[in-house]
Amino acid sequence: MTTPRFRDWIESLPEQGMVEIAALAARMDDVIPLWYGESDLPTPAFIRHAAIAALADNQTFYPPMSGIAPLREAIAGYLNSLYRTDLPSQRICVTPSGMQAMWLAFTALLEPGDKVVVLAPVWPNIPGAIHLAGGRTVFIPMDSADGWSLDLGRLEEALKSGVRALFIASPNNPNGWIMSADEQRQVLEICRRHQVWLVADDVYGRLSFESDPAPAFIRQAREDDRIIVINSFSKAWAMTGWRIGWLVHPPGRERLFEHLSLYANSGTATFVQYGALAALKDGEPAVTEMRAHCRRGRDIVCPALEAFPRVRLPERPRGALYVFFEVDGMTDSRAFSRDLLQKTGVGLAPGGNFGPGFDSFLRLSYCLDGQKLAEAMDRLAPALG
Ligand SMILES: Cc1ncc(COP(=O)(O)O)c(C=O)c1O
């Protein structure tokens with residue numbers, strides 16, 4: 001008997017090495033989990049209490065498709081004060097996660113077979129979302145020889161030939177690279193010249209160790225630019241399990257995104273939106289604490305990694321909560337990280353999932369308790385030293 005198949009292009013989505021590591025670790029004791037894209041801090045109490053109060057107040061009915069009005073206004077106000085912009089709340093669409101914002105953006109933009117240029121290394125969910133929306137990912141690798149860098153000439157070359165969109169996350173997952181304001185200005189010009197859409201991911205925009213916030217395209221974009229900005233409450237406010245984010249779309253597209261939300265998810269949980277509202281209203285100290293927690297983690301992990309003879313760290317991450325490093329002699333990051341987990345009890349994400357050519361890399365999440373991180377480094381020493 002043959003097994004019934006689903007659509008080929010869905011069955012062909014690659015399996016993620018991180019998922020395999022998580023499944024393996026679930027059957028083990030005493031594991032230090034460093035493959036996750038989140039910190040170990042719980043959501044601040046005032047955010048949790050705001051959602052509980054909303055439930056007590058019967059905020060249990062269907063929400064408006066683009067989000068409750070006070071939250072859309074708070075997001076516009078937050079962005080305007082952070083980036084000195086003048087965005088109206090009509091350009092904000094609240095979404096059930098940053099991932100869902102990505103899905104809506106690519107669904108809105110792509111016809112079957114459209115090309116999307118993506119800088120690599122890249123979080124694997126992004127090519128996944130492009131694939132599901134019917135598009136094709138074209139990877140442009142960053143250079144890691146002397147710190148992480150991007151050749152803008154090469155990027156422009158790639159954008160010349162029938163490309164629909166460019167995706168850039170800065171700070172980037174997995175390497176903590178940050179694009180400068182000047183590079184962003186040039187990229188906006190390139191996108192204008194070639195009439196390419198820009199999908200800008202600011203999910204880690206508040207987790208920059210150089211400037212707060214990190215440079216953002218939204219600050220320099222004009223009203224007539226083809227740009228969609230993705231954001232999320234997950235990382236900066238410790239709300240990964242809440243599943244809430246937002247996107248900023250061009251003027252005049254409010255109805256389109258309302259429609260897309262109606263058919264894709266019919267809105268974001270109402271009481272969750274009240275938690276997010278509290279996060280924006282009173283959350284600045286929590287964001288500052290999260291950034292400091294990330295920085296402490298980075299400063300424990302990076303010197304230890306740099307001292308391991310087999311490890312090459314192109315540069316210390318400048319933002320986000322990950323370090324992406326190369327291991328001498330490793331050619332199969334998936335097999336290596338499985339073996340590493342079994343021998344040391346430390347779980348890392350295999351680099352091979354972050355784009356072609358990264359099978360000699362591993363990603364480690366460092367926004368965790370310092371003692372745990374120090375113990376992880378001790379355990380990794382025999383394998384990487
Ligand atoms: C670069 C990037 N964008 C977007 C997201 C989506 O975050 P969420 O779906 O939790 O809001 C993530 C999560 O890891 C990410 O790393």
Side-chain angles (χ1 to χ4, degrees), residues 16-19 21-22 33-41 43 47 67 71 75 92-106 116 118-130 132-133 137 139 142 148 165-179 198-208 213-214 216-218 228-248 261 264-265 268-269 272-273 275-276 279-280 287 290 294 317-324 349 351 353-355 358 363-367:
Q16 286 198 21
M18 290 179 246
V19 175
I21 292 294
L34 306 182
W35 65 84
Y36 283 133
E38 62 188 351
S39 80
D40 58 359
L41 298 180
T43 306
I47 300 177
L71 181 58
I75 292 171
I92 310 296
C93 179
V94 177
T95 56
S97 78
M99 187 61 228
Q100 181 68 206
M102 199 90 67
W103 163 251
L104 294 184
F106 289 127
V116 182
V118 162
L119 311 185
V122 63
W123 183 47
N125 286 37
I126 288 149
I130 293 167
L132 282 187
T137 299
F139 294 97
M142 288 185 220
W148 291 102
L166 165 67
F167 172 87
I168 295 181
S170 171
N172 189 37
N173 172 7
N175 59 356
W177 166 84
I178 293 180
M179 183 175 252
L198 175 62
V199 179
D201 182 324
D202 280 350
V203 166
Y204 299 99
R206 301 302 307 279
L207 302 180
S208 152
F217 286 103
I218 193 74
I228 298 178
V229 181
I230 308 294
N231 217 320
S232 169
F233 287 90
S234 282
K235 314 289 175 169
W237 292 273
M239 292 174 70
T240 47
W242 292 62
R243 314 311 299 134
I244 179 162
W246 74 84
L247 60 80
V248 184
S261 296
N265 49 59
T268 304
V272 164
Q273 296 193 51
L280 286 184
V287 172
M290 179 61 90
C294 288
R318 295 188 276 142
L321 37 100
Y322 317 97
V323 52
F324 199 54
N353 275 133
F354 294 85
F358 292 106
R363 187 192 75 174
L364 180 154
S365 272
Y366 54 67
C367 196

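Note that ligands are numbered from 1 as they come in the structure, with each ligand's atoms numbered from 1 the same way.
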(request) Say whether G37 and ligand 1 are in contact under the criterion: heavy-atom distance to a ligand atom below 4.0 Å. (result) no
(request) Without swapping roles, check the side chain of N353 against the backbone of G17 for a donor-acceptor pair under 3.5 Å. (result) yes
(request) Please examine the side chains of T240 and F233, heavy atoms only from C-beta on, and report whether any two atoms are closer than 4.5 Å. (result) no
(message) Using a plain distance cutoff, I'd like to know if M99 has any nitrogen or oxygen under 3.5 Å from a nitrogen or oxygen of ligand 1.
(response) yes
(request) Could you tell me which atoms of ligand 1, counted from 1 in the order shown, lie closer than 4.0 angstrom to a heavy atom of D201? (result) 1 (C), 2 (C), 3 (N), 4 (C)
(request) Below 4.0 angstrom from a heavy atom of K235, which ligand 1 atoms are there? Numbered from 1 as shown, please. (result) 13 (C), 14 (O)
(message) Out of all atoms in ligand 1, which are within 4.0 Å of some heavy atom of R243? Include the element for each.
(response) 8 (P), 9 (O), 10 (O)
(message) Below 4.0 Å from ligand 1: does a non-hydrogen atom of E38 turn up there or not?
(response) no
(request) For G98, counting its heavy atoms only, list the atoms of ligand 1 lying under 4.0 Å from any of them. (result) 8 (P), 9 (O), 11 (O)
(request) Could you tell me whether the side chain of R363 and the main chain of W35 form a donor-acceptor pair under 3.5 Å? (result) yes
(message) Using only atom types and a distance under 3.5 Å, with no angle test, would you say the side chain of T95 pairs donor to acceptor with the backbone of S97?
(response) yes
(message) Give me the residue, atom name and distance of the protein heavy atom closest to atom 5 (C) of ligand 1.
(response) W123 CZ3, 3.3 Å
(request) Compute the centroid of each ring, for F139 and then for F358, and state whether the two points are separated by less than 6.0 Å. (result) no
(request) Output the list of atoms in ligand 1 that are nearer than 4.0 Å to some heavy atom of S232, sorted by atom number. (result) 8 (P), 11 (O)
(message) So, 4.0 Å and heavy atoms of Y204: is ligand 1 close enough to count as a contact?
(response) yes
(message) Strictly distance-based, threshold 3.5 Å: is any side-chain N or O of K235 a donor or acceptor partner for the main-chain N or O of S39?
(response) no
(request) Any atoms of ligand 1 less than 4.0 Å from a non-hydrogen atom of S234? List them with their elements. (result) 8 (P), 10 (O), 11 (O)
(request) Go through the steps for F324 and F354 under the test ring pair (Phe, Tyr, Trp, His ring centres under 6.0 Å), then give the verdict. (result) CA-CA 10 Å; F324 199 54; F354 294 85; 5.5 Å; yes
(request) Determine, using heavy atoms of V203 and all atoms of ligand 1, whether some pair is separated by less than 4.0 Å. (result) yes
(message) Let's go through C367 and M290 carefully: what are the C-alpha distance in whole Å and the side-chain angles of both, what is the deciding distance for side chain to side chain contact (heavy atoms under 4.5 Å, CB included) to 0.1 Å, and is it a yes or a no?
(response) CA-CA 8 Å; C367 196; M290 179 61 90; 3.8 Å; yes
